[in-house]
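Comments concern the structure below.
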Amino acid sequence: MTDNLLDKGYDPKAVETRWYQYWESENLFAADEFSDAAPYAIVIPPPNVTGVLHMGHALNTTLQDILCRYHRLLGENVLWLPGTDHAGIATQNVVERSLAAKGVDRHAMGRETFIEAVWEWKHKYGSTIIEQLKHLGASCDWSRERFTMDEGLSRAVRKVFVALYEEGLIYRGSYIINWCPRCRTALADIEVEHAEHEGRLYHIRYPYAQGEGGPVVATTRPETMLGDTALAVNPEDDRYRQMPADHVILPLTGRTIPIIRDDYVDMAFGTGALKITPAHDPNDFAVGERHQLPSVKVIGDDGLMTVEAGAFEGLDRFECRKQVVQALEKEGLLVKIEDHAHSIGHCYRCQSIVEPNLSPQWFVKTRPLAEKAIAAVKSDRTRIIPEKWRNDYFLWLENVRDWCISRQIWWGHQIPAWTCGDCGSLVVSEADPDQCPECESENLVRDSDVLDTWFSSALWPFSTMGWPDKTSLLETFYPTSVLVTAFDILFFWVARMMMMGLHFMAEVPFRHVYIHALVRDEDGKKMSKSTGNVIDPIDVINNYGTDALRFTLAAFAAQGRDIKLSEKRIEGYRNFVNKIWNSARFAFMHIEDAGTTVIGKNLSLPDRWILSRLRQTTDSVAEALDDYRFNEAAGTLYQFVWHEFCDWYLEAVKPALFGKTDEIFRQSGLDTLWRVLHDTLILLHPFIPFVTEEIWQKLPGTEGSIMKARFPGKDPDFPAPELEPAAEADMELVMGIITAVRNIRGEMNISPSVALSVFLGADDNGTLEKIMAQGDLIRNLARIDTMEATKSGRRPKASATAIVRDVSVSVLLEGVIDVSKESARLDKEIAKLEKEITMLAKKLENDSFVSKAPADVVEKVRVQHVENSEKMEKLKKNRQTIQELAAETGAS
RNA sequence: GGGCGGGUAGCUCAGUUGGGAGAGCGGCGGCCUUACAAGCCGUAGGUCACAGGUUCGAGCCCUGUUCCGCCUACCA
């Protein structure tokens, strides 16, 4: 026994922090910007600095880490660039709330002091999520960590803003935008979340300015009528061709507004008459522009009615609705109220109902940028995986509208624009200007707005690498290899990075975009704190270990499908990690030195088999990872480690290791065991870095971290073993025989402690030799006392028999014969086989199958039919024997 | 309104050019066999949502129906 025995169970806690610190102290995560090795780069989707790790982060991080660790094993120069996002609105909300708890209001403290407070908060709590990523084992190059409000990134933001402004791609203007009255800021279109709402449709009569009656309009938002500046009908609408007046009186205000004709109005909806409120509806705004209508803003930025609302001034917008309806009813102008389901926009940060509002804002003219972004994906310079997301990407970019980038908050990149207090000219400049370039006045007032957070994240792939400076980091690692993210920020972030990257770097930001699933709960619901269905990854790590969590996420990460996470599955993969641990524990009871090469050695059949399987597994894992099929790679490894290596190989090699066979096989067993363990640890390492490092460090013949190892086949000292189909076939026969005996034992209720007598029969001499060569193995794993293999297939009548390929396996049922049981067992087997034979025969009798199907398919069916028929014959003979026996014993 | 994805074993899900339906968990039966009871051995269970079509052959391709989920849209 060696002194490197492992404990009986794997304890993740004791291991994880130790190795993470070791990797960091050994600088193993560091990228080399001057290396000649093939570069591999990923920029992390920067989590919000206010963020707390959730399952989405855990999945996203795990997948990136798998890729990075895999590519390091391939010998590539890997950069995984981490960082956080300043998350303007979210962060401001968080800090505001914490200040409010102390009774402080940000307006009272002023902008500068508030921003200082946010920075203070950032320094105190901003690294929470970074620390959590480290718990996950993320092998980011932390020396290059960035923050979107860093000096360097801010410089990039400013340069980009000025450049786009000068190119005419950024402009300022008064338009209808989405306004969050709670956050008191404008929002971009995609920052509004729509939700179905049970609302009402109010029918209101607008009396003609002269004459009787008046058209009836239908609206879901009666409070906005106070800001109406016209009533519109479709010019084709016969109902409104003849009217007694061309103006109506706007109820509750007494204002006279014109009746206009515009074919935007849908004759089929409601009454065909539409109220026009240019200041509070994007469509009405467009109509207003066409007809030169004035805009009357009746809802203020605070969500309260303005002075323009007359008697309703100061009311909350929802209270105002009630009172307007009451007032209309009183005046007899409310015709009817209908139920009406429609969708309402909510702020994606605070869920308040968004108010379409007229307001001066900054916009990016998106179309020209979008065209380049579309072309890059169409031409495959960037590949989106899985491909189905390409369409969403195209559809969004093709219909994209200008991007409102100004936010009326304090935390963020302040817009580098100044207005001259004297001549009124607008100055946009990278450097803070001292005086107005037009009139030389020093009376310059800076725009108080900041930029949309996504404006700075759009630059992330190159701003983090030092742009606008020409850095060696950019030189080496841009474009990055892949972006790993979830689809929910495909538009927010991915599309915008594409636009900015192409525009400013003249090259795509990433070769691949891998879009992974969203993590949901067991019922398929999105995990959220408000519904209380979150599984906290940190809890999982504490209960099951990081490796178990990571392997679970990888195993679930099938392309194009959401992940419904259940704790049961995590438990299962925790067991898998433990299984690996124990297989190593067993190995270390025998291995004392580094294994020597297994190539060209005299090896046992199980040795050759497991090495061939190892080779197959290695190839499959590499192929799956190259294609981002993480679940397949994980599944392949699980199957190989547990069911091939542990269940079969370790059991098969035990006699050799315990010295019960030729010494040569003890040696080959040790070499094979070492080699398989060695390579398997490397294959597993990207998925479960901690346990593999822990075992690796104790494996004789290894030096330093497993992170420095080479993927199997990439290390000249260890050429990959070859595939050996013949060895695999032979081993499969042996395993089949063993399983057949175990099956009989189980079906016949024979205790595992009872050793059996088994008679094997085969017609083919070669088969017979193969079986006899593996006699010890079969005896050992099937718990057989005496075993006889003959060509004649001699066997006692009182036996239970199974057929494995062309071998009959008979277990002597001495004293414990249950004839009826064996008869029933055979009946079941025969019935099953009968079905298969019938199906195969049907195919072969079908002329069009034989003539039209490919020859190899037909041949395969033919062979199967022959084999099954032979098997059937043997089974039937066995049944006859057992029935005769039943007759005899019944007679005696 | 438009678009997309899904409906496969009791549960959660795989199934990559169409060629005899799989895994994990759970169930059942048996085992403390000298790495592991977080384990070992064996076993049951499915008209692949429904209806058509293409094909020698369909879980996979086409059409329709239905249920669920998501994205998207300015019909008041």
Side-chain angles (χ1 to χ4, degrees), chain A residues 5-6 8-10 176 190 194 201-202 217-221 224 232 264-266 268-271 273-277 281-286 340 342-343 356 388-389 391-392 395-396 399 487-488 490-491 518 520 522 524-526 544 548 555-556 558-566 568-569 571-590 623-624 627 629 631-632 635 638-639 643 646-647 650-651 654 658 739 742-747 749-753 781 783 836 839-840 843 846-854 856-858 860-861 864:
Chain A
L5 260 187
L6 304 180
K8 198 165 172 177
Y10 174 59
I176 286 273
I190 51 172
H194 294 269
L201 197 56
Y202 301 86
V217 302
T219 179
T220 54
R221 307 192 55 206
T224 63
Y264 160 71
V265 180
D266 181 354
F269 190 91
T271 58
L274 178 62
K275 61 191 271 312
I276 301 294
T277 323
D281 183 282
N283 299 308
D284 292 7
F285 181 76
H340 180 71
H342 61 131
S343 75
K388 67 165 182 166
W389 295 109
N391 274 339
D392 293 76
L395 214 65
W396 188 77
N399 297 300
F487 68 82
D488 54 346
L490 183 60
F491 309 140
L518 238 47
R520 299 175 184 280
E522 283 176 280
K525 289 205 203 87
K526 200 167 167 174
Y544 299 100
F556 265 107
Q559 283 186 9
R561 192 149 187 161
D562 284 346
I563 296 177
K564 286 185 219 164
L565 200 62
S566 80
K568 271 288 181 195
R569 283 295 282 263
E571 193 184 321
Y573 290 117
R574 186 268 317 261
N575 296 351
F576 176 60
V577 170
N578 192 53
K579 188 76 180 175
I580 294 164
W581 176 261
N582 275 291
S583 69
R585 180 169 185 262
F586 170 77
F588 289 173
M589 291 175 171
H590 298 92
E623 210 176 303
D627 276 345
R629 297 197 308 265
N631 63 317
E632 218 174 285
Y638 184 96
Q639 166 69 23
H643 299 303
C646 290
D647 286 352
L650 290 184
E651 295 306 322
K654 272 178 184 174
F658 283 112
T739 301
R742 286 171 174 173
N743 176 340
I744 290 170
R745 188 192 288 275
E747 299 275 295
N749 282 332
I750 302 167
S751 161
S753 56
L781 293 191
R783 292 197 157 245
E836 281 186 40
M839 199 193 59
L840 294 167
K843 281 193 173 186
N846 185 344
D847 287 339
S848 46
F849 171 73
V850 177
S851 58
K852 290 186 184 172
D856 58 319
V857 173
V858 177
K860 211 169 123 193
V861 172
Q864 282 172 344

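From a predicted model like this one, the values you see are computed outputs, not experimental measurements. Quick note: numbers below take in every heavy atom, side chains included, and nothing from hydrogens, waters or symmetry partners. To find a chain, count down the sequence lines: A is the first, B the second, and so on, and within it residues start at 1.
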Indicate, with a heavy-atom threshold strictly under 4.0 Å, whether A/Leu840 touches base, sugar-phosphate, or nothing. base

Assign A/Pro356 to base, sugar-phosphate, or nothing according to its heavy-atom contacts below 4.0 angstrom with the strands shown. nothing

Examine B/rC13: is either OP1 or OP2 under 4.0 Å from a nitrogen or oxygen in the side chain of A/Asn631? Give yes or no. no

Where each residue is assigned the nucleotide of RNA chain B containing its nearest heavy atom, which of A/Tyr638 and A/Gln864 is assigned the position nearer the 5′ end? A/Gln864

What nucleotide, of B/rG42, B/rU12, B/rG19, holds the atom closest to the side chain of A/Phe849? B/rG19

Taking the side chain as C-beta and beyond, is there a heavy-atom pair between A/Asp627 and A/Glu632 under 4.5 Å? no

Euclidean distance for P, B/rA23 against B/rG42 (whole angstrom): 13 Å

Scoring nucleotides 30-40 of chain B by protein non-hydrogen atoms under 4.0 Å (B base, S sugar-phosphate only, - none) yields S--S-BBSBSS

Spacing of A/Asn578 atom CG and A/Arg585 atom CZ [to the nearest 0.5 Å]: 10.0 Å

Whole angstroms only, please: what is the CZ-P distance between A/Phe269 and B/rC74? 15 Å

Using atom P in both nucleotides, what's the gap between B/rC4 and B/rC62 to the nearest angstrom? 12 Å

Looking at every heavy atom in both A/Thr220 and A/His340, which two are closest together, and how far apart are they? CG2-CD2, 3.7 Å

Let me confirm one number: the CD-CG distance from A/Glu747 to A/Asn743, rounded to the nearest 0.5 Å. 5.0 Å

Nearest to the side chain of A/Phe487, which nucleotide is it out of B/rA73, B/rC70, B/rG42? B/rC70

I'd like to know if the side chain of A/Asn631 reaches the main chain of A/Phe556, judged simply by a donor and an acceptor atom lying under 3.5 Å from each other, with no hydrogens or angles considered. no

Determine the interatomic distance between C1' on B/rC50 and the same-named atom on B/rC67; round to the nearest Å. 11 Å

Taking only the P atom of each, what is the distance from B/rG45 to B/rU63 in whole angstrom? 36 Å

Between B/rC41 atom P and A/Glu747 atom CD, what is the distance in whole Å? 16 Å

Please state the P separation for the pair B/rG53 and B/rG15 - nearest whole angstrom. 29 Å

So that I know where these two stand, are A/Tyr573 and A/Tyr544 an aromatic pair - ring centroids less than 6.0 Å apart? no

Got a sec, which residues hit side chain to side chain donor-acceptor pair (under 3.5 Å) with A/Asn283, two or more places apart in sequence or on another chain? A/Tyr264

Spell out, as yes or no, whether a donor-acceptor pair under 3.5 Å connects the side chain of A/Arg783 to the backbone of A/Ser753. no

Please give the distance between the P atoms of B/rC36 and B/rC32 as a whole number of Å. 15 Å

Base-pair string, RNA chain B, Watson-Crick plus G-U, cut-off 3.5 Å on both distances, | for inter-strand, is (((((((..((((.....[..)))).(((((.......))))).....(((((..]....))))))))))))....

Between P on B/rA23 and CZ on A/Arg629, what's the gap in Å once rounded to a whole number? 20 Å

If you measure from the P atom in B/rC40 to the same atom in B/rU34, how many Å do you get, rounded? 14 Å

Compare side-chain N and O positions of A/Lys568 against OP1 and OP2 of B/rC25 and report whether any pair is under 4.0 Å apart. no

Whichever of A/Arg569 and A/His340 has its nearest RNA chain B nucleotide further upstream toward 5': A/Arg569

Kindly indicate whether the side chain of A/Phe658, heavy atoms from C-beta on, has any atom under 4.5 Å from the side chain of A/His590. yes

Look at the side chain of A/Glu632 and decide which nucleotide, out of B/rA73, B/rC25, B/rU16, has an atom nearest to it. B/rU16

Looking at A/Asp284, is its backbone amide N or carbonyl O close enough to the side chain of A/Asp281 to form a donor-acceptor pair, meaning the two atoms are under 3.5 Å apart? yes

